[in-house]
Amino acid sequence: MSSGIVTHRPGYRKVVFSGVGHPEGDLETQTRTTLSLIRDGLEDLGGGMQDVTMLRFFVRDDVLSSESQLRIHEVRSDFFDRPQYPAATMVGVSELLYENMLIEVETEAEIPDDEWDVDVIDDTS
């Protein structure tokens, strides 16, 4: 089983981390630790959170609510600068691998050989 994969493309490397999580602490702590692990992995590959293009949040059904979604987004804002948030989706699941795990995150990133020119589509206004 692989926890991630890097593929080389002309001009960039595509990085995919399968479900990353940390089963200790409350939802905010788990989210912060998980995003820190993802950041560290990207930095090890020469990239950073600015290179993330997609996040998939898997949150246990028994903790998923509009309030918990807001708490997750508040933690996320510590790792990403608006308006360049990556595309994201959040899915409720009945359980995760570890009993105390509340959230798991899949990540896709593209680490450029040079700087990117990025157009952000923001339909939240």
Side-chain angles (χ1 to χ4, degrees):
M1 181 166 74
S2 175
S3 60
I5 188 166
V6 178
T7 56
H8 296 271
R9 308 267 192 234
Y12 69 98
R13 287 167 287 146
K14 182 172 177 87
V15 179
V16 178
F17 292 129
S18 58
V20 177
H22 182 76
E24 296 177 13
D26 61 11
L27 182 61
E28 290 91 345
T29 300
Q30 288 189 26
T31 302
R32 185 170 309 285
T33 302
T34 298
L35 291 175
S36 294
L37 291 168
I38 291 165
R39 181 194 58 215
D40 294 349
L42 289 169
E43 288 175 355
D44 287 346
L45 296 168
M49 295 302 267
Q50 73 278 1
D51 300 316
V52 174
T53 58
M54 180 67 180
L55 294 169
R56 288 178 200 86
F57 295 93
F58 299 92
V59 184
R60 269 198 356 220
D61 285 333
D62 60 335
V63 296
L64 184 59
S65 66
S66 57
E67 180 184 316
S68 62
Q69 180 184 24
L70 179 62
R71 293 184 351 234
I72 291 166
H73 287 308
E74 287 172 351
V75 172
R76 179 187 68 170
S77 70
D78 292 340
F79 290 84
F80 298 96
D81 294 323
R82 194 154 177 65
Q84 292 185 322
Y85 285 156
T89 191
M90 190 173 297
V91 179
V93 295
S94 61
E95 59 186 87
L96 294 166
L97 182 60
Y98 298 102
E99 182 179 344
N100 295 327
M101 191 176 287
L102 305 175
I103 188 168
E104 187 173 301
V105 182
E106 286 183 353
T107 309
E108 294 182 29
E110 295 178 350
I111 302 173
D113 294 340
D114 295 313
E115 293 297 312
W116 289 115
D117 287 325
V118 177
D119 291 324
V120 177
I121 300 170
D122 185 4
D123 62 356
T124 60
S125 41

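Counting Ile, Leu, Val, Met, Phe, Trp and Tyr side chains that sit under 4.5 Å apart, directly or through other members, Met54 stands alone, with no cluster partners.
If you run side chain to side chain contact (heavy atoms under 4.5 Å, CB included) between Pro86 and each of Thr53, Leu55, Asp51, only Leu55 comes through. The side chain to side chain contact (heavy atoms under 4.5 Å, CB included) test with Arg60 singles out one residue from Leu102, Asn100, Ile103, and that residue is Leu102.
Heavy-atom neighbours of Asp81 CG from other residues, nucleotides or ligands within 6.0 Å: at or below the threshold of 12.
Between the CD atom in Gln69 and the CG atom in Leu27 there is a gap of 11.0 Å [rounded to 0.5 Å]. Remark: Glu43 CD to Ile111 CD1 distance equals 10.0 Å, nearest 0.5 Å. To the nearest 0.5 angstrom, Thr107 atom OG1 is 9.0 Å from Arg56 atom CZ. Here Glu28 contributes atom CD and Ile72 contributes atom CD1; the two are 8.5 Å apart, rounded to the nearest 0.5 Å. Here the CD atom belonging to Glu104 is positioned 8.0 Å from the OG atom belonging to Ser18, to the nearest 0.5 angstrom. Note: Leu70 CG to Ser66 OG = 8.0 Å, rounded to the nearest 0.5 Å.
Linking ILVMFWY residues whenever their side-chain heavy atoms come closer than 4.5 Å, directly or via other members, leaves Phe58 and Ile38 in distinct clusters. Neither Val20 nor Leu97 shares a network with the other; the hydrophobic side chains, linked directly or stepwise wherever heavy atoms of I, L, V, M, F, W or Y lie under 4.5 Å apart, form separate groups for each. Cluster annotation: Leu64 and Met101 are assigned to distinct hydrophobic clusters (Ile/Leu/Val/Met/Phe/Trp/Tyr, side-chain heavy-atom contacts under 4.5 Å, transitive). In the hydrophobic clustering of this structure, Val91 groups with Leu96; members are Ile, Leu, Val, Met, Phe, Trp, Tyr whose side-chain heavy atoms approach within less than 4.5 Å, directly or through other members.
Between Tyr12 and Asp113, the shortest heavy-atom contact is N-OD2, 3.7 Å. The heavy-atom pair separating Tyr98 from Pro23 by the smallest distance is CB-CB, 3.9 Å. Counting all heavy atoms, side chain and backbone alike, Phe79 lies closest to Arg32 at CZ-O, 3.6 Å.
Applying the side-chain hydrogen bond (donor to acceptor under 3.5 Å, both in side chains) rule to Glu67 yields the partners Arg71; only residues at least two apart in sequence or on another chain are considered.
Both tests hold for Arg76 against Tyr85: distance to the six-membered ring centre under 6.0 Å, angle to the ring axis within 45°.
Between the side chain of Gln30 and the main chain of Gly25, a donor-acceptor pair closer than 3.5 Å is present. At distances below 3.5 Å, at least one donor-acceptor pair connects side-chain atoms of Arg13 with backbone N or O atoms of Leu45. Listed for the Ser68 side chain is a donor-acceptor partner under 3.5 Å among the backbone atoms of Val63.
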### Query
What do the steps show when you test Asp26 against Thr29 for side-chain contact (heavy atoms from CB on, under 4.5 Å), and what is the final call?
CA-CA 5 Å; Asp26 61 11; Thr29 300; 2.8 Å; yes
